[in-house]
Amino acid sequence: MTDTSDTRSADSEVQAPRRSRLLRLMRYLPLIAPVLLWAVPCGVLLYTGQHWPLPVTLVGTALFVLGLVVMPLAMGRGHGRRQQDRAAIVGDTLLGASWVLFTWSVLLGVLLRLALTVAGVGESQDRARIVTWAVLGTTAVLLAWGYAEARRVPRVRRLDVQLPRLGTGLDGLRVALITDTHYGPLDRARWSERVCETVNTLEADLVCHTGDIADGTAERRRAQAVPLGTVQATQARVYVTGNHEYYSEAQGWVDLMDELGWKPLRNRHLLVERGGDTLVVAGVDDVTAESSGLAGHRANLAGALDGADPDLPVLLLAHQPKFVDRAAADGIDLQLSGHTHGGQIWPFHHLVRIDQPALAGLSRHGTRTLLYTSRGTGFWGPPFRVFAPSEITLLVLRSPQPPTSP
């Protein structure tokens, strides 16, 4: 577990201007990123001393240009107004493939070439061609593995979380967390069923979904989401909105989850009682809700806790980890979040950390507040997960004092 309580304030003051500059730079990424993702590998693999036969160079260049043109067009058709699923699949797949190819073109293009030069392996052309085949081979292996990782049912990650204010009657409360299922263009209805079957084996008291259910409206993705109605919990099933709901008629998702038997915690709370002790389970809309323009949707922690006894421990559901600043200021005991996907495709996690205070796992913020950030249950966009495995999480809440024996 990471403890940020001592250094967070000082670090935030130093990093604020740097983060602001990086965020401004990221505004231009949609324009320059496609060019870099395709131009850099093209140069590294074809034009850095390989001296390929002319037909190979021409065909290779044509493929890179085709990728550069098709990827943004397909993504525009797939995720824009037209919402064409086939186009989204093509565009997203090309995005993931180009990211992996770009990453390893840079890494192996520099490090492997340097190692070969220092070792005196072959002539310049030989080293250049070795780098090309190494990049292509590494990319192919990682994409095949990453696709299998993305499409499988996530492994269960189990951990105990001690909450100092948790009463002994609630010691051992089992909380299952799924998040970022991102039902989308690739039909994953069967995958959804298997995820829910796995959750049910955990015999959880409380099951939480912290948003980003799908990419698309509830009407469009209903078949993939319906298995969520089979999830079982002894106490409650609770849900909060993520940012992607606000791209796809969020109220429709709130209504569908309510229909499936989940309790949407839209700036409200419920109480979980056991053994004479009580836990407040609260939830807030995503931080992007207010800017969505949807009436009544915004992140309102005060509203979520309205009427709750301040002496009781609080478990808060908030889609994005960065809400933890507000949670810590209000003395929340434990916040559950998703959103980051653990980076999804390495090394994208470095960009995620610009915007979020935590990438994955358990971290401490302030004197009391713990944050658990899930790497997510599904995937967004590119159907790949590279060095960022998905998860279903089982958190067992612990009291400082174990329950007394009868």
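Note that these values count all heavy atoms, side chains included, but never hydrogens, waters or copies made by symmetry.
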*Quick one: which of V324, L305, L315 gives a side-chain contact (heavy atoms from CB on, under 4.5 Å) with I332?*
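One option only clears the test, and that one is L305.
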_Test side-chain contact (heavy atoms from CB on, under 4.5 Å) applied to L397 and V272, D160, L173, the passing residue_ =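 Of the listed residues V272, D160, L173, the side-chain contact (heavy atoms from CB on, under 4.5 Å) partner of L397 is L173.
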*So, Y246 versus W253, ring centres under 6.0 angstrom or not?*
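When the ring centroids of Y246 and W253 are compared, they turn out to be at least 6.0 Å apart.
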_Within the 3.5 Å criterion, strictly below it, is a donor on H209 or T181 matched to an acceptor on the partner's side chain?_
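Distance-only check passes for H209 and T181.
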*asked:* Looking only at the side chains, is there a donor atom on one of T230 and Q232 sitting less than 3.5 Å from an acceptor on the other?
replied: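 Note: T230 and Q232 side chains miss the donor-acceptor criterion.
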With a 6.0 Å cut-off (strictly less than), is the heavy-atom count around [atom1] of [X], excluding the residue itself, greater than 12?
X	atom1	answer
F348	CZ	no
Q125	CD	yes
E249	CD	no
W145	CH2	yes
E203	CD	no
R129	CZ	yes

*Give the intermediate values and the outcome of side-chain contact (heavy atoms from CB on, under 4.5 Å) for residues F379 and L186.*
CA-CA 11 Å; F379 61 86; L186 282 170; 4.1 Å; yes
Examine distances only and state if a side-chain atom of [X] and a backbone atom of [Y] form a donor-acceptor pair shorter than 3.5 Å.
X	Y	answer
W38	M71	no
R127	G49	no
T201	T198	yes
H269	A304	yes
R237	V207	no
Q356	Q320	no
S192	R188	no

*L394 and I392: CA distance, side-chain angles, deciding distance, side-chain contact (heavy atoms from CB on, under 4.5 Å) verdict*: CA-CA 7 Å; L394 179 65; I392 296 168; over 6 Å; no
Can you name the closest pair of heavy atoms from [X] and [Y] and give their distance?
X	Y	answer
L142	W104	CD1-NE1, 3.1 Å
L359	T373	O-CG2, 3.5 Å
M75	D92	CE-OD1, 3.6 Å
V40	V106	CG1-CG2, 3.9 Å
L265	V240	O-CG1, 3.5 Å
D171	R274	O-NH2, 2.7 Å

Can you confirm whether [X] sits close enough to [Y] that some side-chain heavy atom of one is under 4.5 Å from a side-chain heavy atom of the other?
X	Y	answer
D212	T179	no
F384	L143	yes
S399	T168	yes
L351	I354	yes
C208	V175	yes

*When you look at R222 and E219, which way does the salt bridge (Lys or Arg N to Asp or Glu O under 4.0 Å) test go after all the steps?*
CA-CA 5 Å; R222 182 184 180 93; E219 180 182 1; over 6 Å; no
Run the salt-bridge test on [X] and [Y] with the 4.0 Å N-O cut-off and return the result as yes or no.
X	Y	answer
R194	E197	no
D285	R266	yes
E245	R221	no

*asked:* side-chain contact (heavy atoms from CB on, under 4.5 Å), that's the test. Do R353 and T340 meet it? Break it down for me.
replied: CA-CA 9 Å; R353 286 304 301 267; T340 69; over 6 Å; no
_Derivation and outcome, side-chain hydrogen bond (donor to acceptor under 3.5 Å, both in side chains), residues Q50 and T132_ = CA-CA 8 Å; Q50 288 86 352; T132 294; 2.9 Å; yes
